[in-house]
Amino acid sequence: MHIAEGFLPPAHAVAWGAASAPFVVHGARSLVRDIKERPESTLLLGASGAFTFVLSALKLPSVTGSCSHPTGTGLGAILFRPPAMAVLGTITLLFQALLLAHGGLTTLGANVFSMAVAGPWAGYGVYRLLRRYGVPLMPAVFSGAFVADLATYCVTSVQLALAFPDPGSGFLGALGKFGSIFAVTQIPLAVSEGLLTVLVMRMLVQSSKGELTRLGVLVASAAGRKTADSAGAVTR
(Lines give C-alpha, C1' and ligand atoms only; values in the text may rest on other atoms or scores of the structure.)
Protein backbone atom coordinates (compact mmCIF):
# COMPACT_ATOMS: atom_id res chain seq x y z
CA MET A 1 0.00 0.00 0.00
CA HIS A 2 1.21 3.50 -0.83
CA ILE A 3 0.57 5.78 2.14
CA ALA A 4 -2.30 8.04 1.08
CA GLU A 5 -2.20 11.79 0.63
CA GLY A 6 -2.32 13.68 3.92
CA PHE A 7 -2.24 10.49 6.02
CA LEU A 8 1.07 11.18 7.77
CA PRO A 9 1.58 13.99 10.29
CA PRO A 10 3.46 16.92 8.66
CA ALA A 11 6.62 16.37 10.70
CA HIS A 12 6.80 12.74 9.63
CA ALA A 13 6.16 13.61 5.97
CA VAL A 14 8.98 16.16 6.02
CA ALA A 15 11.37 13.79 7.83
CA TRP A 16 10.85 10.96 5.36
CA GLY A 17 11.26 13.37 2.47
CA ALA A 18 14.58 14.52 3.91
CA ALA A 19 15.67 10.90 4.42
CA SER A 20 14.84 9.97 0.82
CA ALA A 21 16.38 13.00 -0.89
CA PRO A 22 20.08 11.97 -0.66
CA PHE A 23 19.32 8.57 -2.20
CA VAL A 24 17.42 10.15 -5.08
CA VAL A 25 20.16 12.72 -5.76
CA HIS A 26 22.87 10.04 -5.63
CA GLY A 27 20.76 7.80 -7.86
CA ALA A 28 20.27 10.55 -10.44
CA ARG A 29 24.02 11.15 -10.65
CA SER A 30 24.74 7.44 -10.95
CA LEU A 31 22.05 7.01 -13.58
CA VAL A 32 23.39 9.84 -15.75
CA ARG A 33 26.89 8.39 -15.51
CA ASP A 34 25.70 4.89 -16.39
CA ILE A 35 23.73 6.12 -19.40
CA LYS A 36 26.78 7.97 -20.71
CA GLU A 37 28.96 4.88 -20.27
CA ARG A 38 26.39 2.40 -21.61
CA PRO A 39 23.86 4.21 -23.84
CA GLU A 40 22.82 0.87 -25.30
CA SER A 41 21.22 0.03 -21.94
CA THR A 42 18.67 2.85 -22.16
CA LEU A 43 15.93 0.66 -23.64
CA LEU A 44 16.32 -1.99 -20.93
CA LEU A 45 16.39 0.74 -18.28
CA GLY A 46 13.12 2.14 -19.59
CA ALA A 47 11.60 -1.35 -19.58
CA SER A 48 12.63 -1.80 -15.95
CA GLY A 49 10.90 1.46 -15.05
CA ALA A 50 7.77 0.42 -16.95
CA PHE A 51 7.79 -2.94 -15.13
CA THR A 52 7.85 -1.11 -11.79
CA PHE A 53 5.10 1.31 -12.84
CA VAL A 54 2.71 -1.38 -14.06
CA LEU A 55 3.17 -3.77 -11.15
CA SER A 56 3.02 -1.13 -8.43
CA ALA A 57 -0.13 0.37 -9.97
CA LEU A 58 -2.05 -2.89 -9.52
CA LYS A 59 -4.10 -2.25 -6.40
CA LEU A 60 -5.47 -5.53 -5.12
CA PRO A 61 -8.18 -5.62 -2.42
CA SER A 62 -7.10 -7.23 0.83
CA VAL A 63 -9.22 -9.41 3.08
CA THR A 64 -8.14 -7.09 5.87
CA GLY A 65 -9.98 -4.14 4.32
CA SER A 66 -6.76 -2.52 3.13
CA CYS A 67 -5.15 -2.99 -0.27
CA SER A 68 -1.85 -4.44 -1.43
CA HIS A 69 0.19 -4.44 -4.61
CA PRO A 70 3.46 -5.73 -6.04
CA THR A 71 6.35 -3.27 -6.25
CA GLY A 72 8.35 -4.40 -9.31
CA THR A 73 11.58 -2.87 -8.02
CA GLY A 74 13.59 -6.08 -7.64
CA LEU A 75 14.18 -6.51 -11.38
CA GLY A 76 15.61 -3.02 -11.89
CA ALA A 77 17.74 -3.28 -8.74
CA ILE A 78 19.31 -6.52 -9.99
CA LEU A 79 19.92 -5.17 -13.50
CA PHE A 80 21.03 -1.60 -12.73
CA ARG A 81 21.73 -1.57 -8.96
CA PRO A 82 19.60 0.15 -6.28
CA PRO A 83 20.63 3.80 -6.95
CA ALA A 84 18.92 3.65 -10.33
CA MET A 85 15.72 2.42 -8.70
CA ALA A 86 15.69 5.40 -6.34
CA VAL A 87 15.16 7.56 -9.43
CA LEU A 88 12.86 5.22 -11.37
CA GLY A 89 10.81 4.53 -8.25
CA THR A 90 10.44 8.23 -7.48
CA ILE A 91 9.26 8.95 -11.02
CA THR A 92 6.81 6.05 -10.78
CA LEU A 93 5.39 7.20 -7.46
CA LEU A 94 5.13 10.81 -8.63
CA PHE A 95 3.16 9.87 -11.73
CA GLN A 96 0.93 7.51 -9.75
CA ALA A 97 0.18 10.25 -7.22
CA LEU A 98 -0.66 12.77 -9.94
CA LEU A 99 -2.48 10.55 -12.42
CA LEU A 100 -3.90 7.64 -10.43
CA ALA A 101 -4.45 9.17 -6.97
CA HIS A 102 -2.29 6.32 -5.71
CA GLY A 103 -0.21 7.61 -2.82
CA GLY A 104 0.23 11.37 -2.59
CA LEU A 105 2.58 14.33 -2.81
CA THR A 106 2.78 14.95 0.93
CA THR A 107 3.62 11.29 1.52
CA LEU A 108 5.92 10.98 -1.50
CA GLY A 109 9.07 10.97 0.63
CA ALA A 110 7.79 8.14 2.83
CA ASN A 111 6.65 6.09 -0.15
CA VAL A 112 9.96 6.68 -1.95
CA PHE A 113 11.91 5.54 1.08
CA SER A 114 9.96 2.30 1.45
CA MET A 115 9.49 1.32 -2.21
CA ALA A 116 12.36 2.99 -4.08
CA VAL A 117 15.13 2.91 -1.45
CA ALA A 118 14.67 0.24 1.23
CA GLY A 119 13.06 -2.40 -0.98
CA PRO A 120 15.64 -2.28 -3.81
CA TRP A 121 18.60 -2.24 -1.43
CA ALA A 122 17.25 -5.16 0.61
CA GLY A 123 16.45 -7.21 -2.49
CA TYR A 124 19.76 -6.44 -4.17
CA GLY A 125 21.67 -7.28 -1.00
CA VAL A 126 20.05 -10.71 -0.79
CA TYR A 127 20.59 -11.31 -4.52
CA ARG A 128 24.31 -10.41 -4.34
CA LEU A 129 24.83 -12.47 -1.21
CA LEU A 130 23.30 -15.57 -2.79
CA ARG A 131 25.26 -15.13 -6.02
CA ARG A 132 28.49 -14.71 -4.08
CA TYR A 133 27.91 -18.10 -2.46
CA GLY A 134 27.22 -19.82 -5.76
CA VAL A 135 23.41 -19.87 -5.82
CA PRO A 136 22.18 -20.14 -9.44
CA LEU A 137 20.86 -17.02 -11.13
CA MET A 138 17.13 -17.75 -11.12
CA PRO A 139 16.78 -18.72 -7.42
CA ALA A 140 18.82 -15.61 -6.56
CA VAL A 141 16.55 -13.45 -8.75
CA PHE A 142 13.45 -14.91 -7.11
CA SER A 143 14.85 -14.25 -3.64
CA GLY A 144 15.86 -10.70 -4.53
CA ALA A 145 12.45 -9.80 -5.94
CA PHE A 146 10.66 -11.49 -3.03
CA VAL A 147 12.70 -9.62 -0.41
CA ALA A 148 12.42 -6.28 -2.25
CA ASP A 149 8.63 -6.56 -2.18
CA LEU A 150 8.38 -7.71 1.42
CA ALA A 151 10.95 -5.20 2.72
CA THR A 152 8.88 -2.37 1.26
CA TYR A 153 5.91 -3.37 3.38
CA CYS A 154 8.00 -3.93 6.48
CA VAL A 155 9.29 -0.35 6.17
CA THR A 156 5.77 0.95 5.50
CA SER A 157 4.63 -0.80 8.70
CA VAL A 158 7.44 0.93 10.61
CA GLN A 159 6.48 4.30 9.13
CA LEU A 160 2.84 3.91 10.12
CA ALA A 161 3.70 2.59 13.58
CA LEU A 162 5.95 5.58 14.20
CA ALA A 163 3.20 7.95 13.12
CA PHE A 164 0.37 6.15 14.92
CA PRO A 165 1.65 4.23 17.96
CA ASP A 166 -0.83 2.06 19.81
CA PRO A 167 -2.27 3.85 22.87
CA GLY A 168 -1.55 0.86 25.08
CA SER A 169 1.44 -0.95 23.62
CA GLY A 170 3.11 1.95 21.81
CA PHE A 171 5.30 1.56 18.73
CA LEU A 172 5.82 -2.21 19.00
CA GLY A 173 2.14 -2.90 19.39
CA ALA A 174 1.27 -0.77 16.37
CA LEU A 175 4.08 -2.38 14.36
CA GLY A 176 2.69 -5.83 15.09
CA LYS A 177 -0.80 -4.77 14.04
CA PHE A 178 0.24 -3.08 10.78
CA GLY A 179 2.66 -5.88 9.93
CA SER A 180 0.12 -8.63 10.50
CA ILE A 181 -2.49 -6.81 8.40
CA PHE A 182 -0.13 -6.48 5.45
CA ALA A 183 1.29 -10.00 5.78
CA VAL A 184 -2.02 -11.69 4.95
CA THR A 185 -1.91 -10.57 1.33
CA GLN A 186 1.65 -9.31 0.89
CA ILE A 187 3.49 -12.59 1.43
CA PRO A 188 1.58 -14.35 -1.40
CA LEU A 189 2.08 -11.25 -3.55
CA ALA A 190 5.81 -11.28 -2.86
CA VAL A 191 5.99 -14.92 -3.94
CA SER A 192 4.02 -14.12 -7.11
CA GLU A 193 6.27 -11.16 -7.88
CA GLY A 194 9.36 -13.31 -7.41
CA LEU A 195 8.04 -15.88 -9.88
CA LEU A 196 7.07 -13.19 -12.41
CA THR A 197 10.50 -11.59 -12.13
CA VAL A 198 12.11 -14.97 -12.81
CA LEU A 199 9.99 -15.35 -15.96
CA VAL A 200 11.03 -11.90 -17.17
CA MET A 201 14.68 -12.63 -16.42
CA ARG A 202 14.48 -15.90 -18.37
CA MET A 203 13.16 -13.97 -21.37
CA LEU A 204 15.97 -11.43 -21.03
CA VAL A 205 18.58 -14.19 -20.85
CA GLN A 206 17.26 -15.54 -24.15
CA SER A 207 16.88 -12.20 -25.92
CA SER A 208 19.51 -9.92 -24.34
CA LYS A 209 22.33 -12.17 -23.21
CA GLY A 210 25.02 -9.75 -24.38
CA GLU A 211 23.46 -6.85 -22.51
CA LEU A 212 23.07 -8.87 -19.32
CA THR A 213 26.74 -9.86 -19.58
CA ARG A 214 27.77 -6.20 -19.91
CA LEU A 215 25.66 -5.38 -16.86
CA GLY A 216 27.35 -8.15 -14.89
CA VAL A 217 24.19 -10.20 -14.37
CA LEU A 218 25.62 -13.00 -16.53
CA VAL A 219 29.25 -14.03 -16.52
CA ALA A 220 30.95 -14.55 -19.85
CA SER A 221 31.96 -18.14 -20.44
CA ALA A 222 35.63 -19.10 -20.49
CA ALA A 223 35.34 -19.99 -24.17
CA GLY A 224 33.78 -16.63 -24.92
CA ARG A 225 36.51 -14.78 -23.05
CA LYS A 226 39.19 -16.79 -24.85
CA THR A 227 37.66 -15.98 -28.24
CA ALA A 228 37.45 -12.30 -27.34
CA ASP A 229 41.06 -12.28 -26.14
CA SER A 230 42.22 -13.99 -29.33
CA ALA A 231 40.32 -11.50 -31.46
CA GLY A 232 41.88 -8.66 -29.51
CA ALA A 233 45.36 -10.14 -30.03
CA VAL A 234 44.82 -10.41 -33.79
CA THR A 235 43.55 -6.84 -33.89
CA ARG A 236 46.56 -5.60 -31.98
- Establish whether Y127 and L199 are linked, either directly or via other cluster members, by ILVMFWY side-chain heavy-atom contacts under 4.5 Å. no

- Do V117 and L105 belong together in a cluster built from hydrophobic side chains that touch within less than 4.5 Å? yes

- Tell me who clusters with Y133, hydrophobic residues only, linked when side chains sit under 4.5 Å apart either directly or through other members. L129

- Task: Spell out, as yes or no, whether a donor-acceptor pair under 3.5 Å connects the side chain of T73 to the backbone of A116.
- Result: no

- Query: Please walk me through it: do Y153 and M115 pass side-chain contact (heavy atoms from CB on, under 4.5 Å)?
  - Reply: CA-CA 8 Å; Y153 283 83; M115 194 181 99; over 6 Å; no

- Task: State the CG-OG1 distance between L58 and T71, to the nearest 0.5 angstrom.
- Result: 11.5 Å

- Task: Taking the side chain as every heavy atom from C-beta outward, state whether V158 and F171 have any atom pair closer than 4.5 Å.
- Result: yes

- Item | Spacing of L212 atom CG and S41 atom OG [to the nearest 0.5 Å] | 9.5 Å

- Item | R38 CZ: over 12 foreign heavy atoms closer than 6.0 Å | yes

- Item | Closest heavy-atom pair and its distance - G104, N111 | N-ND2, 4.2 Å

- So, does R202 use its side chain to make a donor-acceptor pair with the main chain of Q206 at under 3.5 Å? no

- Task: If a pair satisfies salt bridge (Lys or Arg N to Asp or Glu O under 4.0 Å) and one of its residues is in residues 184-197, list it, with sequence neighbours excluded.
- Result: none

- Check the hydrophobic clustering (I, L, V, M, F, W, Y; side-chain heavy atoms under 4.5 Å; chains of links allowed) and say if L218 and M138 are grouped together. yes

- Message: For the CG atom of L189 and the CG atom of L55, what is their distance to the nearest 0.5 Å?
- Response: 9.5 Å

- Task: Calculate, to the nearest 0.5 Å, the distance between atoms CG and CD belonging to D149 and Q186 respectively.
- Result: 4.5 Å

- Item | Minimum-distance pair of heavy atoms, taken over all atoms of F51 and G72 | CD2-O, 3.5 Å

- Task: For residues A145 and G194, report the shortest heavy-atom separation together with the two atoms involved.
- Result: CB-CA, 3.9 Å

- Query: Going by heavy atoms in the side chains, are L160 and I3 under 4.5 Å from each other?
  - Reply: yes

- Message: By the salt bridge (Lys or Arg N to Asp or Glu O under 4.0 Å) test, which pairs, at least two apart or in different chains, include something from residues 203-218?
- Response: E40-R214, E211-R214

- Same hydrophobic cluster for L215 and I35, using side-chain heavy-atom links shorter than 4.5 Å among ILVMFWY? yes

- What are the two closest non-hydrogen atoms of E5 and T107, and how far apart are they? N-OG1, 4.1 Å

- Message: Are L195 and L204 connected into the same hydrophobic cluster when the rule is that any two of I, L, V, M, F, W, Y join if their side-chain heavy atoms are below 4.5 Å apart?
- Response: yes

- Here the gap from R33 atom CZ to R29 atom CZ, rounded to the nearest 0.5 Å, amounts to 10.0 Å

- Query: At what distance, to the nearest 0.5 angstrom, does CZ of R131 lie from OG of S143?
  - Reply: 11.5 Å

- Query: Does the side-chain contact (heavy atoms from CB on, under 4.5 Å) test come out yes or no for L75 and T52, once each step is laid out?
  - Reply: CA-CA 8 Å; L75 178 65; T52 298; over 6 Å; no

- Message: Ignoring hydrogens, what is the shortest heavy-atom contact between G103 and A97? Give both atom names and the distance.
- Response: C-CB, 4.4 Å

Solution key, residues 161-170 side-chain donor-acceptor pairs under 3.5 Å, sequence neighbours excluded:
residue	atom	partner	partner atom	Å
D166	OD1	K177	NZ	2.4
D166	OD2	G168	N	2.9
D166	OD2	S169	N	2.9
D166	OD2	S169	OG	3.1

Run the side-chain donor-acceptor check on residues 9-24: report pairs under 3.5 Å with partners two or more places apart or on a different chain.
residue	atom	partner	partner atom	Å
S20	OG	W16	O	2.9
S20	OG	G109	O	2.7
S20	OG	F113	N	3.4

Side chains of residues 76-96: which donor-acceptor pairs under 3.5 Å do they make with residues two or more places apart or in other chains?
residue	atom	partner	partner atom	Å
R81	NH1	Y124	OH	2.8
T90	OG1	A86	O	2.6
T92	OG1	L88	O	3.0
Q96	OE1	H2	NE2	2.8
Q96	NE2	F53	O	3.2
Q96	NE2	S56	OG	2.8

- Please tell me if the side chains of V217 and V205 come closer than 4.5 Å, counting only heavy atoms from C-beta onward. no

